[in-house]
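Please read the structure below before turning to the comments.
FYI, the numbering just counts along the sequence from 1.
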Amino acid sequence: MSDSIKHECGVAMLRLLKPLAYYQDKYGSSLYGLNKMYLLMEKQHNRGQDGVGLANIKLNVDPGKRYISRKRSVVTNPIQDVFKQVNKRFVELEENDPEKLKDPQWMKENMPFTGELFLGHLRYGTFGGNTIEQCHPFLRQSNWKTRNLVLAGNFNMTNVDELFQQLVDLGQHPKKKSDTVTILEKIGHFLDEANDEIYYKHKDKFSKKEITQVIEDELDVQDILTQSAKYWDGGYVMCGLMGHGDAFALRDPNAIRPAYYYKDDEVVVVASERSVIQTSFDVNIEDVKEIKAGHALIIKKDGRVEEKQVREPLERKSCSFERIYFSRGNDAGIYKERLELGRRIFPKVLESIDNDVKNTVFSYIPNTAEVSYFGLLKGCHAYLNKVKTKKIQALGNNPCNDEIAKIMEISPRAEKIAIKDAKLRTFIASDDSRDDLVAHIYDITYGAVRPTDNLVMIDDSIVRGTTLKQSIIRILDRLNPKKIIIVSSAPQIRYPDCYGIDMAKMGDFIAFNAAVQLLKDTKQEHILTTVYDKCKAQAHLSKEEMVNYIQEIYKPFTAEQISVKISELLTPKGTRAKVKIIYQSISDLHASCPDHKGDWYFTGNYPTPGGVKVVNKAFMNYIEGNNARAY
């Protein structure tokens, strides 16, 4: 994605099912769990570079001993910083008394992060700053182990105001109105209630000390989560550890956010991406399971693992952007899907170059678009194979070997044209300063493009178009092609996301701006007023009653008409080459990613009522000139 945006966070959870001595004996280290957590988090660094946190819980620790450890960091390279902090004491021990590193019992009794339960989180700070206080995992602490809660998640709730008010109505005084604090306190409330219920049920049968063990045994994590999540509206994978040793990973009813797990007799592991588990534990793809929609993977202290329903599963709307861009491309399914996205868009590319493959150079930008680029080339090869077959057939019954050889040499001109030269991350800057950075990010390869050539560049997706207009197209134009075709493997992004991707303002979308300009060009500006009035009229309604009227803004125009206008808006003044921007169709997106139909940012078909409320608010903000987020 040439327009970098902040997006999905990443989670990693690990439960060691054997005593630490087992891992020391088999793998030669008492730090087996910690090392695996480093792999799980480093392999998901694409999911968060603004902040990282790691928590650990030790099971069956004597009173007076610390059993919860946590480190967080928001410095540059936060993964390395967290593990450097965590490993510092182990490095010192290796220098001063290395034999103790091989003593699992001593390690557990004396060193932090040597417990059986781990929870890690990688964060992109989508909004609200990037301080250590906003870094997961979060702690809800108590002197009673069964009331302690460690929470981290990849989530965004659309109805924080409602959930916050519910806590206030319960008599609580939350310290902050944010979805993280609200969810932590929501689960914490029902965890407290469950503790109280078990305590009062057995208080006449056991001493207070004995009853702690009874509570540990009888806590019903499924019921706690069912009560907590009853009114949540959003996309989420919520991971939690309880102080006594129970753990869970809960997924939203539409399966919007990704979550995978693996279990054997040594470990239970949860991560946001399947290939990460495969790589870290060297297991087959068939052994890594997806947590079902509306279900929680529950790991009890005694090692029992069950997947239990918490919310009624709804229509599956797993995020297609995960497949297009966010997740790592080495996942077997994602790799095939990105190839297919590139292959399916080739006919549009062929039309845009008037079938002139001979005078066309194909390339990609940025590196994450490489797989869809290979798919584009596969589409081109398939087309050229037909061309070559016809040419050979036209040679007659006794073709000359030289003529056949010449025909067989016909192939796409695939080149590496754009190189990301400067190590600049546009998304760490404020919106106001981003424009100053993007003009200096890419360099180009000279000599590969002729003045008679078309230059085709495929991108994952185009959100704002800022980088295209201020940097990429200007730089590509220096190569003096006759035509520049920018290809988006994703459809036009028309609507805000409210489930974890930082796309919250209507005015940020080049597709929306193109539609607005078309309304002005065709003297249909009244549609904007009409839609605004409809949005305003339903602002007081519950989110369940709201309708996405913003879709009416796009109805007068075809996707091609909007693409043409986008091309016009993103062509820098003074560009010599003709510029054309091509987008994937919705139907080809669904055909390429058949099991991931979440497409609300393209279609406006939100999977939850809260999504409709957000787009309603985002459009009203745009019309009113309010440059604020809609959630």
Begin from the C-alpha positions of Leu151 and Phe248 and carry the test side chain to side chain contact (heavy atoms under 4.5 Å, CB included) through to its verdict.
CA-CA 10 Å; Leu151 189 72; Phe248 64 85; 4.2 Å; yes
Taking the six-membered ring of Phe113 (Phe, Tyr or Trp), confirm whether the NZ or CZ of Lys71 is under 6.0 Å from its centre and within 45° of its axis.
no
side-chain hydrogen bond (donor to acceptor under 3.5 Å, both in side chains) assessment of Thr368 paired with Asp460
CA-CA 7 Å; Thr368 49; Asp460 308 286; 2.7 Å; yes
So, are Glu290 and Lys292 salt-bridged, with charged N and O less than 4.0 Å apart?
no
Can you check whether Lys505 reaches Arg629 side chain to side chain, under 4.5 Å on heavy atoms?
yes
Asn56 and Ser69: side-chain donor and acceptor closer than 3.5 Å?
no
Donor-acceptor contact below 3.5 Å, side chain Asp588 vs main chain Ile345:
no
Under the 3.5 angstrom rule, does the side chain of Ser318 hit a backbone N or O of Asp595 as a donor-acceptor pair?
yes
Testing the basics here: between Ile291 and Arg251, what is the closest heavy-atom pair and its distance to 0.1 Å?
O-NH1, 2.7 Å
Just wondering, are more than 12 heavy atoms of other shown residues or ligands nearer than 6.0 Å to CD in Glu42?
yes
Under the criterion salt bridge (Lys or Arg N to Asp or Glu O under 4.0 Å), which of Lys300, Arg15, Lys301 is the partner of Asp246?
Lys300
Test side-chain hydrogen bond (donor to acceptor under 3.5 Å, both in side chains) applied to Thr131 and Glu133, step by step
CA-CA 5 Å; Thr131 64; Glu133 289 78 16; 3.2 Å; yes
Run Asp50 and Arg123 through salt bridge (charged side-chain N to carboxylate O under 4.0 Å, His left out) and show every step you take.
CA-CA 6 Å; Asp50 290 341; Arg123 177 178 188 265; 5.8 Å; no
Counting distance only, does the side-chain N/O of Ser320 pair as donor-acceptor with the main-chain N or O of Gly598 below 3.5 Å?
yes
Would Asn154 and Ser272 count as a side-chain hydrogen bond (donor to acceptor under 3.5 Å, both in side chains) if you check the C-alpha gap in whole Å, the side-chain angles of each, and the deciding distance to 0.1 Å?
CA-CA 8 Å; Asn154 171 17; Ser272 296; 4.5 Å; no
Other residues, nucleotides, ligands: >12 heavy atoms within 6.0 Å of Gln165 CD
yes
Donor-acceptor contact below 3.5 Å, side chain Gln44 vs main chain Leu122
no
Whether the Gln49 and Asn77 side chains hold a donor-acceptor pair (N or O, under 3.5 Å, no angle test) is what I'd like checked.
no
For Lys336, does the NZ atom have more than 12 heavy-atom neighbours from other residues, nucleotides or ligands under 6.0 Å away?
no
So how far is it from Asp508 CG to Asn513 CG, rounded to the nearest 0.5 Å?
8.5 Å
How about Leu54 and Arg70: do any of their side-chain heavy atoms sit closer than 4.5 Å?
no
Report yes if some heavy atom in the side chain of Pro491 is under 4.5 Å from a heavy atom in the side chain of Gln584; otherwise report no.
yes
Say whether, by atom type as modelled, one donor and one acceptor occur between the side chain of Arg311 and the main chain of Ala229 under 3.5 angstrom.
yes
Test item: Met503 and Ile493 side chains (from C-beta on) under 4.5 Å apart, heavy atoms
yes
Which pair of non-hydrogen atoms, one from Ile562 and one from Ala511, has the smallest distance, and what is that distance?
CG2-O, 4.0 Å
Within the distance-only criterion (no hydrogens, no angle test), does the side chain of Asn159 pair as donor or acceptor with the backbone N or O of Glu162 below 3.5 angstrom?
no
Are side-chain N/O atoms of Asn605 and Gln551 paired as donor and acceptor at under 3.5 Å?
yes
Whether over 12 other heavy atoms sit under 6.0 Å from Lys348 NZ:
yes
Quiz question: by atom type and distance under 3.5 Å, do the side chains of Ser542 and Glu545 form a donor-acceptor pair?
yes
Give a yes or no on whether a salt bridge exists between Glu552 and Lys555, defined as a side-chain N under 4.0 angstrom from a carboxylate O.
no
Could you walk me through whether Asp459 and Ser488 pass side-chain hydrogen bond (donor to acceptor under 3.5 Å, both in side chains), step by step?
CA-CA 5 Å; Asp459 193 351; Ser488 170; over 6 Å; no
Among Phe602, Tyr601, Tyr622, Tyr495, find the residue that satisfies the ring-ring contact (aromatic ring centres under 6.0 Å, His included) test when tested with Phe512.
Tyr622
Measure from the side-chain N and O atoms of Asn254 to the backbone N and O of Ile256, and report whether any donor-acceptor pair falls under 3.5 Å.
no
Should the pair Asp252-Arg257 be classified as a salt bridge under the 4.0 Å nitrogen-to-oxygen rule?
no
Should the pair Tyr32 and Phe281 be assigned to parallel (<30°), tilted (30 to 60°) or perpendicular (>60°) ring geometry?
perpendicular
If you count every heavy atom of other residues, nucleotides or ligands that lies below 6.0 Å from Asp282 atom CG, does the total exceed 12?
no
Would you mind reporting whether Thr226 and Phe190 have side-chain heavy atoms less than 4.5 Å apart?
no
Can you check whether Asn156 reaches Ile501 side chain to side chain, under 4.5 Å on heavy atoms?
no
Are Trp232 and Phe155 close enough that their ring centers fall under 6.0 Å?
no
Within-4.5 Å side-chain heavy-atom neighbours: Ile334 and Glu337:
yes
Quick one about Asn616 and Gln538 (side-chain donor to acceptor, distance below 3.5 Å, no hydrogens or angles considered), yes or no?
yes
Using modelled atom types and a 3.5 Å cut-off, is there a donor and acceptor pairing between side-chain atoms of Asp233 and backbone atoms of Gly610?
yes
Quickly, which of Tyr499, Phe326, Trp600 forms a ring-ring contact (aromatic ring centres under 6.0 Å, His included) with Phe321? Name it, please.
Phe326
Looking only at atom types and distance, does a side-chain atom of Arg464 sit under 3.5 Å from a main-chain N or O of Phe509, one as donor and one as acceptor?
no
Heavy-atom check, side chain of Tyr261 versus side chain of Val269, under 4.5 Å:
no
Any chance NZ of Lys543 has more than 12 other-residue heavy atoms, nucleotides or ligands included, within less than 6.0 Å?
yes
One pair to check against side chain to side chain contact (heavy atoms under 4.5 Å, CB included): Val288 and Val283. What are the steps and the verdict?
CA-CA 8 Å; Val288 182; Val283 295; 3.9 Å; yes
If you measure from the Lys or Arg side-chain nitrogens to the Asp or Glu carboxylate oxygens, is any gap between Glu307 and Lys289 under 4.0 Å?
no
Tell me, with the steps shown, if Thr279 and Leu39 meet side chain to side chain contact (heavy atoms under 4.5 Å, CB included).
CA-CA 9 Å; Thr279 301; Leu39 273 179; over 6 Å; no
Flag, side chain of Arg316 to backbone of Lys597, donor-acceptor distance under 3.5 Å
no
Take Glu340 and Arg323, measure what salt bridge (charged side-chain N to carboxylate O under 4.0 Å, His left out) needs, and give me the verdict at the end.
CA-CA 11 Å; Glu340 191 66 6; Arg323 320 301 288 184; over 6 Å; no
May I have the step-by-step check of side chain to side chain contact (heavy atoms under 4.5 Å, CB included) for Val221 and Met242, ending in yes or no?
CA-CA 10 Å; Val221 179; Met242 296 173 186; 4.2 Å; yes
